[in-house]
There are 2 protein chains.
Amino acid sequence: MTTEPTQAAPVLPRTFIRELAQHVGQTVRLRGMILSRRDLGGIQFVTLRDAGGAVQCVGDQLNLDLPLPESSVEIIGTVRPHPKRGGEVEVQMQAMTVIAAAAEPTPVELPKLERVHADTLLNHRAVTVRGLKERAALRVQAELLAGFRETLSGMGFTEISTPKIVEAGAEGGAGLFTVDYFGEPAYLAQSPQLYKQMMVGAFERVFEVAPVFRGESHNTSRHLTEYLSLDAELGFIDSEEDVMDAETEVLRGMLARVQERCGPELALLGAELPQVPERIPRIPLLEARATVEREFGHLVGGKDLDPEGERLLGEWAGRELGSDFVFVTKFPQAARPFYTHPDGEMDGVPVTRGFDLLLRGLEITSGGQRIHDPEMLRRSIEAYGLNPESLRAYAEVFRYGMPPHGGFAIGAERLTALLLGLSNVRMARAFPRDRTRLQP
Amino acid sequence: MTTEPTQAAPVLPRTFIRELAQHVGQTVRLRGMILSRRDLGGIQFVTLRDAGGAVQCVGDQLNLDLPLPESSVEIIGTVRPHPKRGGEVEVQMQAMTVIAAAAEPTPVELPKLERVHADTLLNHRAVTVRGLKERAALRVQAELLAGFRETLSGMGFTEISTPKIVEAGAEGGAGLFTVDYFGEPAYLAQSPQLYKQMMVGAFERVFEVAPVFRGESHNTSRHLTEYLSLDAELGFIDSEEDVMDAETEVLRGMLARVQERCGPELALLGAELPQVPERIPRIPLLEARATVEREFGHLVGGKDLDPEGERLLGEWAGRELGSDFVFVTKFPQAARPFYTHPDGEMDGVPVTRGFDLLLRGLEITSGGQRIHDPEMLRRSIEAYGLNPESLRAYAEVFRYGMPPHGGFAIGAERLTALLLGLSNVRMARAFPRDRTRLQP
């Protein structure tokens, strides 16, 4: 004998707040949590928050002491146009039932989080993540991820899941977290780089959305020790140009999905998404350096672009090329890892088929063509002074045959923060981890 | 100035092998890797594998020594019906160009992996994962994941990403991996349990697809130390019945997607998917124990069902209830973690609103309603003898208000292995990790 359902179906089906505009004039049953409440001598105002929305509810004959904010309630009421805010609705309450009362007030008031210091927000993140803007950022990120997967699936990519506990790091020991693996040392993967390359041999086109771990000693607004990496890798390319084409298509798909599904969140956050041009401009690094020197008098040290150089190049690309995005290409070998495909010399400097993508002057991605020839790979491992033994399992695959291939990785939190204008990348993660933060 | 694209568009666009049936009689350009080759005195046979398919190619005037298997090639040829296998096609080769030759033969022959021992397959996984059946299992898994997300998104769930490096384990210290976090001990999350509950406060309905880590000392065909957990949690439930309803809908969506998109993979693996009934039968654990005793004379020790009891219950459910799936409900408190919602007593035994789901007699999921009342939670933490301090941040959230909620978790690899009849759960992971395996 099996048990039967014990609950009778409620007479009035539940309505979600996002659907209310379709129910003006009707009686609805809402469930949600009280974001805020006011009692003005008999007239009671409640802002109710549910899975995807928030709405003002008004009552004058409830005969009820309003429960604390964050209490879970059910409200029966009539939907009507909001008297002051055109296009919005409110709910005239007929009844409120408390489903689960809060035992004490939240440590900070959720409707007033803008006045609260970032550290306080993060210390109480388990509750402050309920704030409307706080959760809106994470909701946009969820749609970015869905857009990433959906677009790549449509392009014939297969999702993979590669190990996060690894025997050795992809690019040496700096910033690796050590794990005690049954008494032996192991490490947390800093990227799925080598594994996604291996999987090109199986599926030709692969992607992964998964956490990566970086023991960053920097504790800035741009660094997390654990973040979500959006990785893609594809085979049978002619050059890194094909990789940039693929990434452009993916970004377009991601932003289109957010635009389509996150209208209320973008409005709440006051964010305007950038346009992804049909073809994102591509400028070799050495030219990029010359450009910021010529246009802004900014001299870049090192082999790369410094943050100020990136900012200026972004400004120039917006003004002169009409694009928020710009690929910086042909990175010098000295600024790229050993697996990057070399590409001869420019101005006497050995360069590669590696690139970065800047959005509004900030790096959101690295990518490039990888070495697929086993001899070239052997020489590169040697030239970079790496230990061939620790890369044996990886290098071996190339001896058994690998097509020309390349790929890219996007940091989900950094992209989210940039698109939404968040000043701290931590707010693009539910429970961020940094140099000093392991809680909540 | 920006660089211009350097590649002219090829005259003949590339065709993927899965599309060949639409091109019979036409000349196509294929790219892929040579899975196998034979040269029968002038007539050359090649099986070509690409992103999603494999096809036989025949040539008699190629004037080419065939490169080693796993070499990447481009083939120009004409599509025609396969002379022996009705409904299939083959390609008459006009030209083959080697894009990247393999330097040496693979350590095992990829078309003959069925004869190879599992350990050898796993030792050379970076190459053996290219085998058609090997990759087919991972392809099916990718669609299961996509179906999980797609169905939940349609049900109003929001995707979340919670930390994998944590300060304390959700359920005590057993099987926790320790991480050196800047000199302090931290742990790898065994499940997103506590975090997904917290996120119910923000989004009401949430899901996560992410790795979890278990320091399992068992080294069986069913245990992995790192696996993909498909987690969902929803608020404003009336009881665990709502959670089982939601899981049923999710499973139906997952299997429908695989059925729709993985026809060739299922055929290759000889797998037939189970039907998900409109309502999966639900049987309380104590009744389940009585049933296997009555029907099979099997006496179960302990408080739970043992593996043999699960197998017999699955057999009984298939025969008597016509269902491959069965929910085992009302688990005793003694067999469930502290956060499980109690549900009075049955036959004098304190039971909970926790359940398991069996598929063909094997557990694929655990779930249940959780405690949301802060006082009940405090008493439970105490009764389980846990350290309230280590659960402080978690327990605190409940004082600020939480709706009644529950959820479930599905092990992706175990589900994949069961659906496809794989004898070892390791083959449902690209690069499995177990008690002794950290490579490749």
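The analysis underlying the following values was restricted to heavy atoms, covering all of them including side chains, and did not include hydrogens, waters or symmetry mates. Naming convention: chains lettered A, B, ... in sequence-line order (proteins, then strands); numbering from 1 in each chain.
Ranked by heavy-atom pairs under 4.5 Å with chain B, the list A:F327, A:Y195, A:Y227 is led by A:Y195. Most heavy-atom pairs under 4.5 Å with chain A: of the set B:V209, B:T158, B:D245, B:I160, this distinction falls to B:T158. For the options B:L132, B:T225, B:V326, heavy-atom pairs under 4.5 Å to chain A are most numerous at B:T225. When B:A412, B:P440, B:A101, B:G131 are compared by the number of non-hydrogen pairs under 4.5 Å with chain A, B:P440 comes out ahead. Put simply, of A:Q141, A:M199, A:H372, A:M244, the one with the most heavy-atom pairs under 4.5 Å next to chain B is A:M199. By number of non-hydrogen pairs under 4.5 angstrom with chain B, the leading residue of A:V397, A:I165, A:T178 is A:I165. The candidate with the highest count of non-hydrogen atom pairs below 4.5 Å against chain A, out of B:E159, B:M33, B:R399, B:E74, is B:R399. Top candidate by heavy-atom pairs under 4.5 Å with chain B, chosen from A:K164, A:E320, A:E134, A:R205, is A:K164. Most heavy-atom pairs under 4.5 Å with chain B: of the set A:S161, A:A100, A:S71, this distinction falls to A:S161. Across A:G201, A:A210, A:A430, the residue that shares the most heavy-atom pairs under 4.5 angstrom with chain B is A:G201. If you tally non-hydrogen atom pairs under 4.5 Å between each of B:P67, B:P107, B:P105, B:A288 and chain A, the highest count goes to B:P107.
Heavy-atom distances place both the backbone and the side chain of A:P163 under 4.5 Å from chain B. Looking at B:E226, the atoms closer than 4.5 Å to chain A (heavy atoms on both sides) all sit in the side chain, from C-beta outward. For B:R261, no part lies under 4.5 angstrom from a heavy atom of chain A. Using a 4.5 Å cut-off between heavy atoms, A:F16 contacts chain B through its side chain alone, with no backbone atom that close. Contacts between A:R139 and chain B at a heavy-atom distance below 4.5 Å involve backbone atoms as well as side-chain atoms. Heavy atoms closer than 4.5 Å to chain A are found nowhere in B:Y394, neither backbone nor side chain. For B:P432, no part lies under 4.5 angstrom from a heavy atom of chain A. Both the backbone and the side chain of B:M402 come within less than 4.5 Å of a heavy atom of chain A. Heavy-atom distances place the backbone of B:P69, and not its side chain, under 4.5 Å from chain A. Proximity to chain A is limited to the side chain of B:F213, based on heavy atoms less than 4.5 angstrom apart. Within the 4.5 angstrom heavy-atom criterion, only side-chain atoms of B:R149, from C-beta onward, approach chain A. Neither the backbone nor the side chain of A:R125 comes within contact range of chain B; no heavy atoms are under 4.5 Å apart. Both the backbone and the side chain of B:R435 come within contact range of chain A, each with at least one heavy atom under 4.5 Å from a heavy atom of that chain. Residue B:P211 touches chain A through its side chain alone, counting heavy-atom pairs closer than 4.5 Å. Heavy atoms closer than 4.5 Å to chain B are found in both the backbone and the side chain of A:V129. Only the side chain of B:L188 comes within contact range of chain A, with heavy atoms under 4.5 Å apart. The contact between A:V73 and chain B is made entirely by backbone atoms, counting heavy-atom distances below 4.5 Å.
Using cut-offs of 30° and 60° for the angle between ring planes, the A:F177 and B:F182 rings count as perpendicular.
Shortest non-hydrogen contact noted between A:R130 and B:Y400 is NH1-O, 3.9 Å. Closest approach of A:A126 and B:M198 over heavy atoms only: CB-SD, 3.5 Å. Looking at every heavy atom in both residues, B:F236 comes nearest to A:S72 through CE2-CB, 3.6 Å.
Taken from CD in A:E70 to CZ in B:F398, the straight-line distance is 13.5 Å, to the nearest 0.5 Å.
The residues A:E204 and B:R18 are annotated as not salt-bridged, no charged nitrogen and carboxylate oxygen being separated by less than 4.0 angstrom. Contact check on B:D238 versus A:R31 returns a salt bridge, with a Lys/Arg side-chain nitrogen under 4.0 Å from an Asp/Glu carboxylate oxygen.
In this structure, B:I99 and A:P404 have side chains that are in contact, with non-hydrogen atoms separated by less than 4.5 Å.
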